[in-house]
Amino acid sequence: MSRLLRVELRRYRARRVALWVGIGLVGVVVLSTVVAGFDARPPSAAAIRQARVSYQQQAAQWATDGDQIVSDCLASQQADPNPDADHGCDQLAPTLDQFLPAVQHFFPPADPSSVTGASADGGSVDPAIRQVDTSMWRRFGGLAALDDLAPVFLFAVFLVAVSFVTAELASGAIGLWLTFVPGRTRVFWSKAGAAATWAVPLVVVAFALAAAGSYAAYAVVGTVGSAPDGVVGDIAAFTGRLAVAGAAVALAGVALGMLLRHAAAAIGVAAAWLGAETIFRWGMGDLQRWLFSVNLSAWLHGGEVYTTDRCVPSDTGMSCTTVEHLVTPVQGGLFLLGVTAVLSLAAYLVFRRRDVA
Amino acid sequence: MPLDDDVPAIETAGLRKVYRTRRGRTVGVENLDLVVPAGGVHGFLGPNGSGKTTTIRMLLGLVRADAGTMRIFGTPVPERLDEVVGRVGAIVESPKFFPAFSGRRNLDLLAQAIDAPSTRVGEVLEHVGLTDRARDRYRTYSLGMKQRLAVAATLLKDPDLLIFDEPTNGLDPAGIREIRETMRSLADQGRTVLVSSHILAEVEQVADTVSIVARGRLLASGRVADIVGAGGASVRVRVGDAEAARKVLDAAGFAVRADHGSLVVDGVADPAVVSRALGVQGLWVSELVQEHQGLEQVFLGLTEGESARATAGAAA
């Protein structure tokens, strides 16, 4: 097995697709660094001047209409059937901070008020959900923006893994290969192992380069900011989870490629699945807990929060409140493991029995 | 490993393969009992779609048999194919390598898979005359070069049994001759070569033994000379008075037929008996030629007969 794995690793490395995908990832890293360079720049004096002008105009308007707006807000709050409802009527007055362009740093600010998630005000009653909502990856900053690259890296790994097996099936080279190594169990798992093994350095190096590029972009303009406690551990943990996800996605790619035999079919099925999840997610209620994208995010980010609407009849019809639910990283990891295991096992059994042309 | 002449290189019994297609079931191989003796070149003949490639694929574990048993050098396959695959080199239909890799890289990967020494790749490339183009991408190779690379791949293992499935398809005459010489030379080294083909002249020149299949069934098998001999010899006779000669030969019990102004006497081992029978009656032979049936006639006779039986069976 180890000899076959070594041979497959060599073949993987020698493949042109792997080279082109590697070049593509370098391009993505360069692009993300350029974008980080734009984000890192502090606001210009002209932008600050314009913000002050806008604030003064809004404050003047508030002086005229503010009392009425607050009064309307309080009336709406009193009419709300939920006795605990808080419509934020005491926070309606404009402040200068709201108008000044935000200064973005590489490291996220320690202040949870800068959180971008659904519970940005930290208002969730569930401490586990609050922890996820206020995690480093939910805040403004160059580092948090890097997690948007994770799906790109994982897609790249998937692409190479799919083509790794479909190229062999399409060219018929698998037939020649099996005349040298007829044991299909060894052949299948060596291919899967090679794809998973290569995925780890691919995503880790790509993420490390992107992080380094982003850091450098912020450092050049002096907006790195101060590193919060435990940030290195958070980054290492994210990178580790990304590496595991990369290996899982590569295994899934090999399995889909083996099952469907054509790269376009395998990529199309995966894209259609994820597209359907995105389109139909909001109508799925509690089934969101079992979506691939939700569980992948839970695994990568140390948890994921999804929301459902809970509606009850009221005097005015139906009254709905939004309820937050937590998907833990443990569930996310087990889900990924389960999907990978089921796909791999199915592909292995099919490959064992399939006639090779 | 030394060859044991008593153990056939290949032996199948009751082999059967049915393909399920959208149109229903198609029998690829039906109750095939094939024996390929160890050593020499064995021609595996049959028209297109007769089950040759399917049989080879089953032997190599690429296709699952629905029934029957197979042995290679006495080892049951595919159950214990792992044990014997190192002694088998095979090209199934057209060569299939990774198009974007060079010939050498393709062979390197195969050599590493079987733990062959890296020097072996250079040797086999040299053997087939591909050293100069070894670093070029496989997709740039001509058909002949692809075929030679495939031969090189089979030699990586230094096999006792080589299986060539339609090895000369698409090759020019020089390429065909080259492959034929390669097969003969491999057999002369004591290896067994199984060559499947529908080009009979090619096989007749090189094969020691043959098996003829049609519609998945074995029609004949044995030494080439025996199979051709079983078809019998004929004597073509030209006589001044053909009508009188025919009556004489008929009366003497020969099977005679007229053919383009000549008489053809079938089933005659010795032409002298025809000459003597006519001479006794004062009919002198102006031309007498002994004609042997070629493999092609035997093959066509067998396969057309099988086809007619199948058609009649279907009609019934």
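A, B, ... follow the sequence lines: proteins, then strands. Residue 1 opens every chain.
Side-chain atoms of B:L110 and A:L176, non-hydrogen and from C-beta on, do get closer than 4.5 Å to each other. Looking at A:R11 and B:F101, their side chains come closer than 4.5 Å, going by heavy atoms from C-beta outward.
With chain B as partner, the option from A:V356, A:V181, A:L178 having the largest number of non-hydrogen pairs under 4.5 angstrom is A:V356. Across B:D108, B:L60, B:L81, B:T53, the residue that shares the most heavy-atom pairs under 4.5 angstrom with chain A is B:L81. The choice from B:V92, B:V88, B:D82 that makes the most heavy-atom pairs within less than 4.5 Å of chain A is B:D82.
Remark: side-chain polar atoms of B:R64 are not paired, donor with acceptor, to backbone N or O of A:D355 under 3.5 angstrom.
From B:K96, atom NZ reaches atom OG1 of A:T179 across 11.5 Å, with rounding to the nearest 0.5 Å. Atom CG of B:N106 and atom CH2 of A:W177 lie 9.5 Å apart (nearest 0.5 Å).
B:G61 and A:R184 make their closest contact through O-NH2, 3.0 Å (heavy atoms, listed as atom of the first residue, atom of the second, distance). Residue B:A153 comes nearest to A:F180 through the heavy atom pair O-CZ, 3.2 Å, listed as atom of the first residue, atom of the second, then distance. B:V85 and A:P182 make their closest contact through CG1-CD, 3.7 Å (heavy atoms, listed as atom of the first residue, atom of the second, distance). Scanning all heavy atoms of the two residues, the minimum distance from B:A113 to A:V7 falls at N-CG2, 3.8 Å. In terms of heavy-atom proximity, B:L62 sits nearest to A:G175 at CD2-O, 3.7 Å.
Proximity to chain A (any heavy atom under 4.5 Å) is shown, for B:D115, by both the backbone and the side chain. The contact between B:R57 and chain A is made entirely by side chain atoms (from C-beta outward), counting heavy-atom distances below 4.5 Å. Contacts between A:R354 and chain B at a heavy-atom distance below 4.5 Å involve the backbone alone (N, CA, C, O). Residue contact with chain B, scored on non-hydrogen atoms closer than 4.5 Å, is absent for A:E8. When heavy atoms are compared at a cutoff of 4.5 Å, B:I91 does not approach chain A at all.
The neighbour count for B:R184 CZ, taken as heavy atoms of other residues, nucleotides or ligands under 6.0 Å away, is above 12. Shown here is A:Y215, whose OH atom has no more than 12 heavy atoms of other residues, nucleotides or ligands within 6.0 Å.
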